[in-house]
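I have placed the structure first, in the form of structure tokens, so that the comments after it can refer back to it.
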Number of protein chains: 2
Amino acid sequence: MTAPAPIRVVLADDERMVRTALRAILSAEADLEVVGEAATGAEAVAVVRELRPDVVLMDVRMPEIDGIRATEQILAGLDEPPRIVVVTTFENDSYVYDALRVGAAGFLLKRSDADALVGAVRLVARSDSLLFPAAVRALAAEHARACAAPPAWVARLTGRESEVLRHMAAGLTNAEIARRMEVGAATVKTHVASVLAKTGARDRTQAVIAAYESGFLRNP
Amino acid sequence: MTAPAPIRVVLADDERMVRTALRAILSAEADLEVVGEAATGAEAVAVVRELRPDVVLMDVRMPEIDGIRATEQILAGLDEPPRIVVVTTFENDSYVYDALRVGAAGFLLKRSDADALVGAVRLVARSDSLLFPAAVRALAAEHARACAAPPAWVARLTGRESEVLRHMAAGLTNAEIARRMEVGAATVKTHVASVLAKTGARDRTQAVIAAYESGFLRNP
DNA sequence: GCGGTCCTCCCCCGCGCGGCGGAGGCGGAT
DNA sequence: ATCCGCCTCCGCCGCGCGGGGGAGGACCGC
């Protein structure tokens with residue numbers, strides 16, 4: 001029985017040693033073939049465009065263009081893009097979200113052992129539906145939307161005004177806010193007025209809505 | 001060289017044919033061993049408790065207890081719980097979120113081919129860090145929080161009251177709501193009063209906060 | 001029929017809220 | 001020294017809001 005077409009892999013990592021190690025692990029498998037390497041994001045885009053691999057192992061931190069943007073460019077520029085697996089060091093990295101957002105097919109930790117690495121590459125290459133498919137992408141997209149860039153007015157709020165808005169969004173009255181902040185009721189009214197002016201809100205309810213919609217309440 | 005300890009797998013699916021098919025696929029691999037089967041969620045919990053497998057392939061739709069709750073019970077009840085892979089038919093199933101929420105290690109589609117299935121089992125069993133680990137869990141947990149079960153008061157709101165609350169959450173005054181709904185201002189006040197009473201809010205601002213926090217605004 | 005819920009609308013009342021202008025202190029920038 | 005932004009507080013005023021209670025009509029199920 002003749003060997004099936006091997007899975008063609010490109011490695012993108014700025015550290016030569018990492019590439020060498022990955023190549024050693026993957027080349028030991030008969031069905032895997034490392035066809036190219038790249039040391040920068042820009043190089044990765046170029047190499048993938050030329051070699052058309054099945055799978056790309058993409059490091060996140062790279063010179064020039066990071067792995068996320070490289071992934072983005074590759075997936076946007078090609079008709080039949082490869083499956084891109086993003087590789088990073090820490091699993092609670094914020095890059096995980098970015099990787100999912102731009103359409104990476106998978107996510108792998110650098111401390112994964114050889115079995116996991118090889119298994120992931122095979123799984124990603126073969127199956128339309130690998131672990132955590134479209135639904136997780138949707139999740140990430142939603143997360144990105146929820147953490148969207150806050151409007152300009154957020155930066156313009158002073159410290160006290162931010163505090164007041166937070167208390168407003170907790171459903172407190174002006175008098176209650178005054179007690180909590182240990183200032184006079186008149187002071188709170190002044191801050192509230194500033195908040196309304198800066199947010200463009202007519203009343204405290206609209207200000208609270210703006211606080212929710214802008215994600216203001218999710219920041220420190 | 002002696003064979004390493006095989007990966008011990010339990011299958012949970014209410015359809016005998018599915019179990020048979022899965023068993024056939026997995027048993028063909030030397031390093032996989034199907035040690036048990038279950039046809040219901042309750043049975044799955046019992047079987048896993050007794051056999052202590054490495055991996056469980058858990059169908060979502062099952063009699064008595066569904067796969068999600070079974071997963072929850074298994075992970076909660078054992079010290080060293082198995083890796084549980086939830087199996088379903090459609091990938092944009094809402095079960096995906098539930099599966100992640102309760103701590104499933106992976107997610108697999110029924111239409112996956114044999115390679116993908118075997119690869120997933122191996123990957124889940126071997127690696128602490130499979131594709132999409134803790135960070136995705138966090139994502140799902142956040143999603144679950146955002147889409148938390150609506151409080152009882154949501155169901156108690158009448159049609160008009162819901163409309164009014166929605167308009168309140170859009171930042172409209174009572175007069176504006178009256179114009180939009182083409183009713184008298186007094187009517188709106190009545191509805192607002194009902195909303196405040198049912199939500200337990202002191203004022204419209206607290207009602208709007210409740211609407212946001214409860215996810216009321218995301219329902220039709 | 002008769003109770004129940006829902007929608008509609010009315011009254012009065014008190015008060016929190018928001019808009020207005022003014023004022024003093026304090027710290028940093030020029 | 002001067003300005004400016006921020007925080008603090010004061011008064012006054014109008015009004016929207018929320019609480020309370022009442023009332024009529026439409027629809028539904030027992």
Side-chain angles (χ1 to χ4, degrees), chain A residues 150-217 219-220, chain B residues 150-217 219-220:
Chain A
W153 58 259
V154 173
R156 314 185 84 98
L157 290 181
T158 69
R160 288 309 237 186
E161 287 161 0
S162 298
E163 281 184 65
V164 169
L165 177 53
R166 239 170 271 277
H167 285 122
M168 287 164 65
L172 302 183
T173 65
N174 287 345
E176 288 168 337
I177 297 173
R179 276 194 289 277
R180 292 259 183 119
M181 292 177 62
E182 293 181 334
V183 296
T187 305
V188 174
K189 289 190 70 173
T190 304
H191 290 318
V192 169
S194 298
V195 169
L196 296 183
K198 290 182 180 177
T199 57
R202 261 186 328 207
D203 49 47
R204 68 200 297 102
T205 303
Q206 285 192 354
V208 170
I209 293 169
Y212 269 96
E213 297 289 347
S214 69
F216 169 80
L217 298 174
N219 288 18
Chain B
W153 58 259
V154 173
R156 312 185 82 97
L157 289 182
T158 69
R160 287 308 234 188
E161 287 161 359
S162 297
E163 282 185 66
V164 168
L165 177 53
R166 239 170 271 277
H167 285 122
M168 287 164 66
L172 302 183
T173 66
N174 287 345
E176 287 168 338
I177 296 174
R179 277 195 289 277
R180 292 262 182 117
M181 292 177 63
E182 292 179 335
V183 296
T187 305
V188 174
K189 288 190 68 174
T190 304
H191 291 316
V192 169
S194 298
V195 169
L196 295 185
K198 290 182 180 177
T199 57
R202 261 187 330 207
D203 49 47
R204 69 200 296 105
T205 303
Q206 286 192 353
V208 170
I209 293 170
Y212 269 96
E213 298 289 347
S214 69
F216 169 81
L217 298 173
N219 289 18

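In what follows, chains carry the letters A, B, and so on, assigned in the order in which the sequence lines appear, proteins first and then strands, with residues in each chain numbered from 1.
The base of D:dC7 has none of its N or O atoms less than 3.5 Å from a complementary donor or acceptor on the side chain of A:Thr190.
Using a 4.0 Å cut-off between charged side-chain N and carboxylate O, B:Arg166 and B:Glu163 make no salt bridge.
Between A:Arg204 atom CZ and C:dG19 atom P there is a gap of 11 Å when expressed in whole angstrom units. As rounded to whole Å, 6 Å separates atom P of C:dC7 from atom CD of B:Glu161. When rounded to the nearest whole Å, the span between NZ of A:Lys189 and P of D:dC9 equals 14 Å. Rounded to a whole Å, the CG atom of A:Leu165 is 14 Å from the P atom of D:dC7. Atoms CE (B:Met181) and P (C:dT8) sit 6 Å apart, rounded to a whole Å. As rounded to whole Å, 15 Å separates atom C1' of C:dC17 from atom CG of A:Leu172. Summarising the geometry, the separation between CD on B:Glu163 and C1' on C:dC6 is reported as 13 Å, rounded to the nearest angstrom. Rounded to whole Å, the distance from CD on B:Glu182 to P on C:dC7 is 17 Å.
Shortest non-hydrogen contact noted between A:Val192 and A:Met168 is CG2-SD, 4.1 Å. The minimum heavy-atom distance linking A:Ala207 with A:Leu196 is given by the pair CB-CD2, 3.8 Å. Contact record, B:Leu217 with B:Ala169: CD2-CB, 3.7 Å, taken as the closest heavy-atom pair.
Map B:Ala185 and A:Thr205 each onto its nearest nucleotide of DNA chain C; the residue landing nearer the 5' end is B:Ala185. Positionally, the nearest nucleotide of DNA chain D for A:Lys198 lies more toward the 5' end than for the other of A:Lys198 and A:Ala186.
Between C:dG16 and A:Asn174, no contact under 4.0 Å exists linking OP1 or OP2 to a side-chain N or O. Contact check, A:His191 against D:dT8: a side-chain N or O comes under 4.0 Å of OP1 or OP2. Under 4.0 angstrom from either OP1 or OP2 of D:dC6 there lies no side-chain N or O belonging to A:Arg160.
Residue B:Thr187 is in base contact, counting any heavy-atom pair closer than 4.0 Å across all strands shown.
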Without placing hydrogens or testing angles, list every side-chain donor-acceptor pair under 3.5 Å for residues 171-181 of chain A, not counting sequence neighbours.
unit_1: A:Thr173; atom_1: OG1; unit_2: A:Glu176; atom_2: N; d: 3.3
unit_1: A:Thr173; atom_1: OG1; unit_2: A:Glu176; atom_2: OE1; d: 3.4
unit_1: A:Asn174; atom_1: OD1; unit_2: A:Arg204; atom_2: NH1; d: 3.1
unit_1: A:Asn174; atom_1: OD1; unit_2: A:Arg204; atom_2: NH2; d: 3.3
unit_1: A:Glu176; atom_1: OE1; unit_2: A:Thr173; atom_2: N; d: 2.9
unit_1: A:Glu176; atom_1: OE1; unit_2: B:Arg202; atom_2: NH2; d: 2.8
unit_1: A:Glu176; atom_1: OE2; unit_2: B:Arg202; atom_2: NH1; d: 2.6
unit_1: A:Glu176; atom_1: OE2; unit_2: B:Arg202; atom_2: NH2; d: 3.4

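The side chain of B:Thr158 has C:dC7 as its nearest neighbour among D:dG18, D:dC9, C:dC7.
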